[in-house]
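Every chain is numbered from 1 and lettered A, B, ... according to where its sequence line falls, protein lines coming before strand lines. Everything numeric here is computed off the predicted structure, so don't read it as measured data. These numbers come from the heavy atoms of this one structure, side chains and all, not from hydrogens, waters or symmetry mates.
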Amino acid sequence: MREREDEWTGLMLLAISGDGAAYHRLLKAVTPVLRAAARRGLARAGQPVDQSEDIVQDILLAVHLKRHTWDPEAPFAPWLFAIARNKLIDSLRRRGRRVFVNIEDFADTIPSEPAAEIAPASEVAAQLQSLPARQREVLQSIAVDSASIKDTAAKFAMSEGAVRVALHRGLAKLTAKLREQ
Amino acid sequence: METDRLIRTLAADNAYRARPVGFVLALALLAAAPFSVAMFFAELGIRPDAMTAMRNPFFDLKFLVTLALAISAMAVSLHLSRPEASAHGWAWLLLIPAGLLVAGLVSELMMPQQLPVMTRLIGSNSRICMTAVPLMSLPLLAAALIGLRRGAPSRPALTGAVAGLLSAGLAATLYASHCTDDSPLFVATWYTIATALVTAIGALVGSRVLRF
């Protein structure tokens, strides 16, 4: 457990120094832990556990957009679990239940828990449709068509800088819309 | 959308660097300050005997208390803007302005008094103090909340309340240069009521706008 969390901190340090691959690995590594905690939260609230994927994506977006509030001197896991706990409580509340989520829900999770019967997430995809055209096109190009920033720039005759701006604004707007819904 | 695709998209945005919360908070407060200062000079202005008043330690104490409140509240609010922050270990900072005020009250108590307690307590400006401090804090409170929205506070109402303390501290610093009531008894009563009002507004608005 300890080792895993040290590895996360190391990856996050690499990520903020500009290593996109390390950031990708970090997000991949934390996702099963977040998913297991989301399923447990849903189960405890008497909600269908197969709804966990929307919550996982909600947490990932918040992690991404609030990265700058992480203190590089501090371990990454407590920060991550605090973000996750907030979003999980929020999501469960939105689904109509008031529940208490324990921080240990995250810390004790073993990532190899069975991940069966998960319904595909639908909220992000739905909100994607309500974004301004340019932001939606850029996001779809990168997310759905797996295009790089460079390819996306060429496809829409934009500069790479403009693609980066549209990508970030799109993600921020998406998150705001998810929160409002 | 599949989570793997979302992760790939987030990783593609790794180059984006958000500005630190403290930087945005400072910038927002600097942008809002002219509004509060304009309100101050339009309606109140610095008291005419400010130069002589500076020789009165109780006049100076007002600024010490209000600035200590603003600075410590700024530090606490920045701390609370981190999601894993707990209020423990930082809340004591807010005791500094309170302690300064208590020290002022005690020393006034030990001095020979020409004015009766009730005169010092009620003063001549209590109503202006009660309206001017909250009104002048509003632009600063809005700015503080905008800045703190960049953060990820796990306790939005508490963080909003501290933003209220911060803006009331700054507004009260302005007001202190106008007000001719220097008795710590007056400050402890009316400044505190005005600050409490702004703090309540901050908590109320913060609980809505500071959620992330």
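Contact of A:Arg25 with chain B is not made at all, since no heavy-atom distance falls under 4.5 Å. With a threshold of 4.5 angstrom between heavy atoms, B:Arg211 approaches chain A through its backbone and through its side chain. For chain B, the nearby part of A:Leu171 is the side chain; its heavy atoms alone come within less than 4.5 Å. For B:Leu6, the part lying under 4.5 angstrom from a heavy atom of chain A is the side chain only. No part of A:Thr175 comes within reach of chain B, as not one of its non-hydrogen atoms sits under 4.5 angstrom from that chain. For A:Ile142, the parts lying near chain B are the backbone and the side chain together; criterion is any non-hydrogen pair under 4.5 Å. At a 4.5 Å heavy-atom cutoff, the contact between B:Ala152 and chain A is made by backbone and side-chain atoms alike.
Closest non-hydrogen pair, B:Asp182 versus B:Phe59, comes out as OD1-CD1, 3.5 Å.
In this structure, A:Lys28 contributes its side chain and B:Asp4 its backbone to no donor-acceptor pair below 3.5 Å.
Applying the side chain to side chain donor-acceptor pair (under 3.5 Å) test to B:Ser183 and every residue at least two apart in sequence or in another chain returns B:Glu108. Residues passing the ring pair (Phe, Tyr, Trp, His ring centres under 6.0 Å) test with A:Tyr23 are A:His64, sequence neighbours excluded. Contacts of A:His168 classified as ring pair (Phe, Tyr, Trp, His ring centres under 6.0 Å), with partners at least two apart in sequence or in another chain: B:Tyr16.
In terms of heavy-atom pairs under 4.5 Å with chain A, the best-connected choice from B:Ala85, B:Ser154, B:Pro20 is B:Ser154. Between chain B and the options A:Leu26, A:Leu65, A:Asp90, A:Leu139, the largest number of non-hydrogen pairs under 4.5 Å is found for A:Asp90. For chain A, the option among B:Thr3, B:Val21, B:Asp13 with the highest count of heavy-atom pairs below 4.5 Å is B:Asp13. Across A:Ser122, A:Ala143, A:Ala176, the residue that shares the most heavy-atom pairs under 4.5 angstrom with chain B is A:Ala143. Chosen from A:Ile83, A:Leu27, A:Asn86, the residue pairing most often with chain B at heavy-atom distances under 4.5 Å is A:Asn86.
Checked by atom type, the side-chain pair B:Ser137/B:Ser167 shows no donor-acceptor distance below 3.5 Å. For B:Ser81 and B:Arg150, the side-chain atoms include no donor-acceptor pair closer than 3.5 Å.
Atoms OG1 and CG, from B:Thr66 and B:Leu61 in turn, are 9.0 Å apart once rounded to the nearest 0.5 Å. Between the OG atom in A:Ser91 and the CD1 atom in A:Ile89 there is a gap of 10.0 Å [rounded to 0.5 Å].
Residues A:Arg4 and A:Glu7 are not paired through a salt bridge, judged by the lack of any N-O separation under 4.0 Å between the basic side chain and the carboxylate. A salt bridge between A:Asp58 and A:Arg179 is absent, with no side-chain N of the basic residue lying under 4.0 Å from a carboxylate O of the acidic one.
Taking the six-membered ring for Trp and thresholds of 30 and 60 degrees, B:His178 and B:Tyr175 have ring planes inclined between 30 and 60 degrees apart.
Residues of residues 8-21 of chain A that come within less than 4.5 angstrom of chain B, heavy atom to heavy atom, are A:Ala15, A:Ile16, A:Ser17, A:Gly18, A:Asp19, A:Gly20 in numerical order.
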